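Heads up: the structure comes next, in structure tokens.
Predicted model only: the values in this text are computed from it and were never measured. For ligands, and for the atoms within them, numbers begin at 1 and follow the listed sequence. These values consider heavy atoms only, across backbone and side chains, with no hydrogens, waters or symmetry-generated copies.
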Amino acid sequence: MSTRSLSTVDIDRKYVWHPFTQERTAPPPLPVARAKGASLFLEDGRELLDMACSWWVNVHGHSHPKIAEAIARQAATMEHVIFAGFTHEPAARLAEAIVNALPRPLSRVFYSDNGSTAVEVALKMAWQYWRNTGDNNRRLFLAFQGGYHGDTFGAMAVGRTSGYYDPFDELMCEVRHLPFAPTWMGDAECEAREALALAEIDALLAAHGHEAAAFLAEPLVQGASGMNMCRPEFLRTVVERMQARDIPVILDEVMTGFGRTGTMFAMEQAHVVPDLVCLSKGISGGFLPLAATVASTRIYEAFLGEDFHTAFAHGHSFTANPLGCAAGVASFALFQEEGTLERIGRITASNRAWLAEVAKLPGVTRPRALGSIAAVTLGRDESDYHAGIGTAVKAKCFERGLLIRPMGNVVYLMPPACVSPQELARAQEGLTEVLRETAELYAS
Ligand SMILES: Cc1ncc(COP(=O)(O)O)c(C=O)c1O
């Protein structure tokens, strides 16, 4: 049957299976016709301010003309080429920009195409690093409780406590989870919480440190488990504990990278240098699927040899896709041209002032802000992904022209750097009103 007379949604309902969606009960998806700056425009003409940066990928705003032009130019020149035995200028230039933006000894860029894969690659590199250097006893990964690192098998195993993966439990590799010490504005008990966490981490390291192949963490902000933030000092102490035991540190900057936390990379604020860093989402300005795992010289050199068996036998059809890399080069240039980090600094200041007010509402707890992220928890409980309140808040925000994507009882704003002060104020005021209207659902 021809579907010419059907709407986008009708055709979608017939043929598409959406991610992270209960297809039976979810409302029909919203058809988006175009996007510009901080706004999405639906097929029916309604405008939504995108306060989730399209699943945290967008950096400078939607459909930025400079990135769009770079992609168009590249598409007309060379759309793709096998990346084993060949290279191309966008991949080389983007790798150069990434390495120049990171501290030494991070020095080698391995491309892939999504955040989970950037993590999977890092785990495999760490694992093989030990095999290549002759230590077969390093069989364990360490990660923070609540961390989310993606949906491939290694990424699921390290992110197991995020609560998404119960059906796959038996298929996971061995991971020990360490306590995370969250904090928020006005939190007086943070240091005591950190001390408890560090004591537990020390005990675990004393028992199992010698078996650890690597430690993996989202630096400063655990995104998917509810925008849980920690102090840079806590991250630095944990990283130092790992490095003192020669445990390679992997920082998953898939969400935090490219300005999201106010610096190009979150690691800068903690003054730590990992052995491996995972990048994706904002790497292409949010335009195309692209990822990179950046390795230190020590890791890279452990894979050098005279035959293939120490090489990293991993790759993807779309590794270093030229369009994605060209978008990445253009996005890097915009950081300079548009003062992206300064823009994000102004968003942080505005969000902090807003949070100080909104946290006075009954039941609004744990106000926290870093870079372009501002979050609160609704109710006294910690992040609860299954709390229904988020759905109610989201629906009411939508009526006000705001796209937000709560995670259970955690509600956050994450605008792109291009958001104007007026747009940001509209989002903050709209969310404040919605929280007032829904207070009876969480403020008891
Ligand atoms: C910190 C972190 N790591 C990894 C991933 C997985 O990235 P992707 O969805 O591109 O596979 C995500 C996705 O949200 C993430 O937030």
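Annotation for Arg93: atom CZ does not count as buried by contact number, only 12 or fewer foreign heavy atoms lying within 6.0 Å.
Residues satisfying the side-chain hydrogen bond (donor to acceptor under 3.5 Å, both in side chains) test with Glu47, not counting sequence neighbours, are Ser39. Residues passing the side-chain hydrogen bond (donor to acceptor under 3.5 Å, both in side chains) test with Thr117 are Asn114, sequence neighbours excluded.
With Met229 as the fixed residue, the side chain to side chain contact (heavy atoms under 4.5 Å, CB included) test singles out one of Ile373, Leu220, Asp187: Ile373.
Counting only residues at least two apart or in different chains, ring pair (Phe, Tyr, Trp, His ring centres under 6.0 Å) contacts with residues 239-269 comprise Phe258-Phe265, Phe258-Phe332.
Ring pair Trp127/Phe141 is tilted by interplanar angle, where 30° to 60° counts as tilted.
In this structure, ligand 1 sits under 4.0 Å from heavy atoms belonging to Trp56, Asn114, Gly115, Ser116, Tyr148, His149, Gly150, Glu218, Asp252, Val254, Met255, Lys281.
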